[in-house]
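Structure first, then comments.
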Amino acid sequence: MSWVISIETKPIIKPISISYSKLSYDDIDSIVFIEHQNSQNPWSKNQLVESILNPTNLCYSMSIDNQILGFLMAMPADDSADILNISISKEYQRKGYGKKLLNCLIEELKNRKIKVLILEVRESNQSAISFYLKYGFEKISLRKNYYMINSKHPNQKEDGIIMRLKF
Ligand SMILES: CC(C)(COP(=O)(O)OP(=O)(O)OC[C@H]1O[C@@H](n2cnc3c(N)ncnc32)[C@H](O)[C@@H]1OP(=O)(O)O)[C@@H](O)C(=O)NCCC(=O)NCCS
C-alpha cells in the first residue's frame with residue numbers, strides 16, 4: 001500500500017520595504033546608471049555630483065531592499081522650490097514610486113513653509129508631463145526653443161514647458 005500525503009502551503013508574500021535617504025556621493029554610480037537609462041540628454045556625472053554635494057539642494061534616493069530605484073533633486077528658495085531632476089529606474093516605472101518620491105519632497109517643503117513647486121520639462125517628454133499633470137501641476141508658460149534636441153544637431157531645438165504646483 002502506498003500513501004500520498006498532501007500538505008497545503010500558503011504562498012509567502014514578503015512585504016516590500018521602501019526607504020528614503022539623503023543622496024550621498026557613495027550613491028553616484030546607481031544615480032548615473034538610472035539617469036543614462038532614462039534620458040537621451042542625460043546629466044553628466046559631474047553635474048549629478050555637483051547637485052548632490054550642493055548643501056542647499058534637497059536630494060533624495062528611494063530604495064527597495066537597499067537597492068536604489070529612483071532619485072529626486074530639488075532646489076528650495078524662500079517661498080518656492082524647483083525640481084531639478086527626478087528619475088525612476090525603468091523596471092519600476094508606472095508603479096507609483098515617482099508619486100511617492102514627490103510626496104516625500106512635498107512633506108519636507110511643507111515643514112519649511114514652502115507652498116509652491118516649479119519645474120521645467122521638454123515638450124517631447126510626454127510621459128513626464130502626464131505624470132506631473134496627474135499629480136496636479138499646471139502648465140504656466142513656455143520657453144520657446146530652449147532645449148537642444150540632440151547634441152549632434154545643435155540647431156534643432158524644442159520648447160521647454162514650465163509647470164507649477166501649489167499646495
Ligand atoms: C516621470 C517619472 C519620474 C514618473 O515616475 P513613475 O514612478 O513612473 O510614475 P507613477 O507610477 O508614480 O505615476 C503616477 C501617475 O502619473 C501618470 N504617468 C506616469 N507615467 C506615465 C506615462 N509614461 N504615460 C502616461 N501617464 C503616466 C499616470 O497617471 C500615473 O498613474 P497610473 O499609473 O495610475 O495611471 C518616470 O517616468 C521617469 O523616471 N521618467 C524618466 C525621467 C524623466 O523624464 N524625468 C522627468 C524629467 S522633467
Side-chain angles (χ1 to χ4, degrees), residues 15-24 27-52 54 56-77 80-110 114 116-152 156-167:
I16 296 175
S17 126
I18 302 172
S19 59
Y20 304 89
S21 314
K22 200 171 173 302
L23 271 176
S24 79
D27 301 320
I28 193 65
D29 290 342
S30 310
I31 300 306
V32 169
F33 179 79
I34 295 172
E35 176 68 6
H36 280 75
Q37 185 191 42
N38 274 339
S39 177
Q40 288 179 341
N41 299 279
W43 284 25
S44 68
K45 182 174 178 178
N46 276 350
Q47 286 173 305
L48 291 165
V49 168
E50 263 180 36
S51 186
I52 290 172
N54 182 334
T56 311
N57 287 354
L58 294 169
C59 298
Y60 302 114
S61 66
M62 182 183 206
S63 305
I64 290 184
D65 297 334
N66 292 323
Q67 189 202 334
I68 293 181
L69 65 97
F71 67 92
L72 185 156
M73 297 174 172
M75 185 173 63
S80 69
D82 287 7
I83 293 184
L84 305 175
N85 202 340
I86 177 171
S87 211
I88 300 290
S89 182
K90 272 215 180 328
E91 63 191 293
Y92 289 100
Q93 284 178 14
R94 211 68 201 265
K95 296 180 194 298
Y97 294 118
K99 184 178 172 190
K100 284 190 167 69
L101 202 46
L102 212 43
N103 289 343
C104 174
L105 171 68
I106 285 174
E107 282 312 305
E108 174 59 27
L109 296 179
K110 282 180 178 168
I114 293 175
V116 180
L117 193 49
I118 293 171
L119 61 88
E120 191 173 298
V121 56
R122 287 171 181 268
E123 193 183 29
S124 60
N125 194 349
Q126 284 301 320
S127 54
I129 292 170
S130 299
F131 168 72
Y132 294 129
L133 287 173
K134 178 73 183 286
Y135 200 92
F137 282 80
E138 54 179 342
K139 295 179 184 177
I140 55 166
S141 63
L142 207 64
R143 282 182 125 176
K144 271 281 181 210
N145 295 322
Y146 183 68
Y147 288 106
M148 198 188 294
I149 292 179
N150 185 317
S151 55
K152 287 180 193 147
Q156 291 178 7
K157 301 277 176 65
E158 67 172 314
D159 298 344
I161 295 176
I162 300 179
M163 302 183 79
R164 178 181 63 195
L165 178 75
K166 292 181 181 173
F167 44 90

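Ligands are counted one by one from 1 in listed order, and the atoms in each one are counted from 1 as well.
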Between [X] and [Y] (side chain of the first, backbone of the second, donor and acceptor by atom type, cut-off under 3.5 Å), is there such a pair?
{"X": "Q37", "Y": "S89", "value": "no"}
{"X": "N57", "Y": "S51", "value": "yes"}
{"X": "S44", "Y": "Q47", "value": "yes"}

Among [options], whose heavy atom sits nearest [atom]?
{"atom": "atom 26 (N) of ligand 1", "options": "S89, S130, P42", "value": "S130"}
{"atom": "atom 24 (N) of ligand 1", "options": "Q126, K100, K95, R94", "value": "R94"}
{"atom": "atom 37 (O) of ligand 1", "options": "E120, Q93, R122, Q37", "value": "Q93"}
{"atom": "atom 31 (O) of ligand 1", "options": "K99, M62, K134, M163", "value": "K134"}

So, [X] and [Y]: side-chain donor and acceptor under 3.5 Å apart, yes or no?
{"X": "Q93", "Y": "N38", "value": "yes"}
{"X": "N54", "Y": "T56", "value": "yes"}
{"X": "E123", "Y": "Y147", "value": "no"}
{"X": "D27", "Y": "S61", "value": "no"}

* To do: For ligand 1, indicate whether the residue N125 contacts it via side chain, backbone, both or neither (heavy-atom separation under 4.0 Å).
  => side chain

* Asked: How does F71 reach ligand 1, by side chain, by backbone, by both or by neither, if only non-hydrogen atoms under 4.0 Å count?
  -> neither

At less than 4.0 angstrom from any non-hydrogen atom of [X], what atoms of ligand 1 do you find?
{"X": "Y97", "answer": "7 (O), 12 (O)"}
{"X": "S127", "answer": "21 (C), 22 (C), 23 (N)"}
{"X": "S87", "answer": "39 (O), 42 (C)"}

* To do: Decide whether an N or O pair under 3.5 Å exists between I86 and ligand 1.
  => yes

* Asked: ligand 1 and A128, any nitrogen or oxygen pair closer than 3.5 angstrom?
  -> no

* ligand 1 contacted by Y132 (non-hydrogen, < 4.0 Å) -> yes

Which protein non-hydrogen atom lies closest to [atom], naming both residue and atom, and how far is it?
{"atom": "atom 7 (O) of ligand 1", "answer": "G98 N, 2.7 Å"}
{"atom": "atom 11 (O) of ligand 1", "answer": "G96 N, 2.7 Å"}
{"atom": "atom 39 (O) of ligand 1", "answer": "I88 N, 2.7 Å"}
{"atom": "atom 14 (C) of ligand 1", "answer": "F131 CD1, 3.8 Å"}

* Decide side-chain contact (heavy atoms from CB on, under 4.5 Å) for M148 and N41; before the verdict, give the C-alpha distance in whole Å, the side-chain angles of both, and the deciding distance to 0.1 Å. => CA-CA 9 Å; M148 198 188 294; N41 299 279; 5.9 Å; no

* **Residue among L58, D82, L23 satisfying side-chain contact (heavy atoms from CB on, under 4.5 Å) with M73** => L23

* Worked verdict on I86 versus Y132 for side-chain contact (heavy atoms from CB on, under 4.5 Å) -> CA-CA 11 Å; I86 177 171; Y132 294 129; 3.2 Å; yes

